[in-house]
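Some notes on the structure that comes next.
This chain uses plain numbering: 1 for the first residue, then up along the sequence.
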Amino acid sequence: MLKKILKSRKVLRGVGWAMGAYLKLVKRTTSFVIEPHDFDGYVDSLEPFIVTMWHGQHFMILFARRPQDKRAVMISRHGDGEINAVAAEAFGLRTIRGSGAQRRDQIRKRGGAEALRAGLGLLAENYSLGVTADVPKVSRVAGRGIVVLAQLSGRPMVPVAVVTRRRIDFRNWDCSSIGLPFGKGAIVVGKPIFVERKATPADIETARIAVQSELDRVHARAYFLIGDRDPGADRQHVLEARVAAASKATET
């Protein structure tokens with residue numbers, strides 16, 4: 001009975017509201033250093049774009065939104081996603097429910113195709129759209145879904161890292177972090193990555209690797225700016241090897 005209550009939509013939305021209020025406190029009390037130095041002009045020149053992040057940064061990325069920004073975010077349909085969606089709405093973001101997957105048979109179940117169509121519509125309405133580059137359970141390995149979104153929309157993927165010195169790092173699959181109040185933070189916006197409409201499979205793979213590399217770079221830079229080290233960096237190469245081995249096994 002208790003488990004059922006804790007999973008109810010009303011309870012999840014209540015937790016999401018509380019999370020949003022807490023994150024607003026963290027943002028107000030954190031001193032951020034921002035790169036590039038011409039942050040406003042740089043971001044304005046790219047609008048609308050695909051705000052590209054790692055899964056573990058889904059709480060922190062909310063801090064990068066300016067009051068005037070038209071922003072939306074793609075969030076999974078999982079129960080935890082309800083909490084994230086309410087927190088995002090508290091920051092003025094529109095939400096799309098759905099996520100990608102490693103296996104094609106899971107994409108329909110998770111609403112990936114519907115989310116893709118909704119995302120394209122919002123980008124066409126000049127909303128910049130926040131999307132995680134990695135798919136559930138395979139952290140720090142960029143998937144193809146975000147690259148396809150860039151290909152179909154014609155809008156660039158722009159890797160963004162938001163980190164804080166005072167934080168809690170969770171020992172879960174995506175190495176999630178959540179900031180603590182009254183500390184130092186960094187926001188780093190990376191280089192735009194475009195994908196041609198007529199991109200070949202090889203072009204898609206090149207773009208996927210480029211997104212992954214740029215996300216690694218901006219996270220390393222952001223942690224350097226606060227005198228720290230990315231707690232999730234060590235897991236990437238292990239996971240890449242695991243994914244490569246699984247792909248090779250499937251082909252054979």
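Annotation: cation-pi pair K27/F63 absent, no NZ/CZ under 6.0 Å from the ring centroid and within 45° of its normal.
For the atom pair Q57 CD and L62 CG, the distance stands at 11.0 Å (nearest 0.5 Å). Here CG of L215 is found 10.0 Å from CE of M53. Values are rounded to the nearest 0.5 Å. Remark: F91 CZ to L23 CG distance equals 5.0 Å, nearest 0.5 Å. The distance from the CD1 atom of I83 to the CE atom of M19 is 7.0 Å, given to the nearest 0.5 Å. In this structure, the separation between CG on L129 and CG on L149 is 6.0 Å, given to the nearest 0.5 Å. Within the model, atoms NZ of K198 and CD of Q151 stand 12.0 Å from one another, a figure rounded to the nearest 0.5 Å.
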Review point. Can R221 and D230 be said to form a salt bridge (Lys or Arg N to Asp or Glu O under 4.0 Å), step by step?
Key: CA-CA 9 Å; R221 177 61 181 169; D230 183 357; over 6 Å; no

Review point. When you look at V43 and F49, which way does the side-chain contact (heavy atoms from CB on, under 4.5 Å) test go after all the steps?
Key: CA-CA 9 Å; V43 170; F49 58 92; 3.9 Å; yes

Practice item. Could you walk me through whether D44 and R66 pass side-chain contact (heavy atoms from CB on, under 4.5 Å), step by step? Key: CA-CA 11 Å; D44 290 342; R66 303 169 300 175; 2.8 Å; yes

Point to revise | R97 vs E82, salt bridge (Lys or Arg N to Asp or Glu O under 4.0 Å): CA-CA, chis, key distance, verdict | key: CA-CA 9 Å; R97 302 303 299 274; E82 190 70 22; 2.9 Å; yes

Check your understanding: Yes or no on side-chain contact (heavy atoms from CB on, under 4.5 Å) for I50 and L123, after CA distance, side-chain angles and deciding distance?
Key -> CA-CA 8 Å; I50 302 167; L123 285 165; 4.1 Å; yes

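Clustering of Ile, Leu, Val, Met, Phe, Trp and Tyr by side-chain heavy atoms under 4.5 Å joins V86 with W17.
Applying the side-chain contact (heavy atoms from CB on, under 4.5 Å) criterion to I187, with sequence neighbours excluded, gives F32, I34, F39, A64, V162. Qualifying side-chain contact (heavy atoms from CB on, under 4.5 Å) partners for L152, counting only residues two or more places apart in sequence or in other chains: L116, L120, V148, R197. In this structure S177 satisfies the side chain to side chain donor-acceptor pair (under 3.5 Å) test together with D169, sequence neighbours excluded. Shown here are the side chain to side chain donor-acceptor pair (under 3.5 Å) partners of S45, two or more places apart in sequence or in another chain: there are none. Contacts of T95 classified as side chain to side chain donor-acceptor pair (under 3.5 Å), with partners at least two apart in sequence or in another chain: E89.
Ion pairing of E114 with R117 is absent here, as no side-chain N (NZ or NE/NH1/NH2) approaches a carboxylate O to less than 4.0 Å. Of the charged side-chain nitrogens involved, at least one lies within less than 4.0 Å of a carboxylate oxygen, so that R71 and E47 count as a salt-bridged pair. Under the 4.0 Å criterion applied to side-chain N and carboxylate O atoms, D228 and K184 are not assigned as salt-bridge partners.
Under a hydrophobic clustering in which Ile, Leu, Val, Met, Phe, Trp and Tyr are joined whenever their side-chain heavy atoms come within less than 4.5 Å, directly or via other members, M60 and I168 fall into the same cluster. Connection of I96 to I146 is established within a shared hydrophobic cluster, with ILVMFWY side chains joined at heavy-atom distances below 4.5 Å, either directly or through further cluster members. When hydrophobic clusters are built by joining Ile, Leu, Val, Met, Phe, Trp and Tyr residues whose side-chain heavy atoms come closer than 4.5 Å, directly or via intermediates, I75 is grouped together with I61. In this structure, V188 is not a member of the same hydrophobic cluster as V163, with clusters built from ILVMFWY side-chain heavy atoms closer than 4.5 Å. Hydrophobic cluster membership differs between V189 and Y223, with clusters built from Ile, Leu, Val, Met, Phe, Trp and Tyr side chains linked at under 4.5 angstrom.
Within a 6.0 Å sphere centred on CZ of F224, heavy atoms belonging to other residues, nucleotides or ligands number 12 at most.
Under 3.5 Å, the side chains of S176 and D174 contain a donor-acceptor pair of N or O atoms. A donor-acceptor contact under 3.5 angstrom links the side chains of D203 and T200, judged on distance only.
The shortest distance between side-chain heavy atoms of H219 and P159 does not fall below 4.5 Å. Counting heavy atoms from C-beta outward, I226 and T164 have side chains that stay 4.5 Å or more apart.
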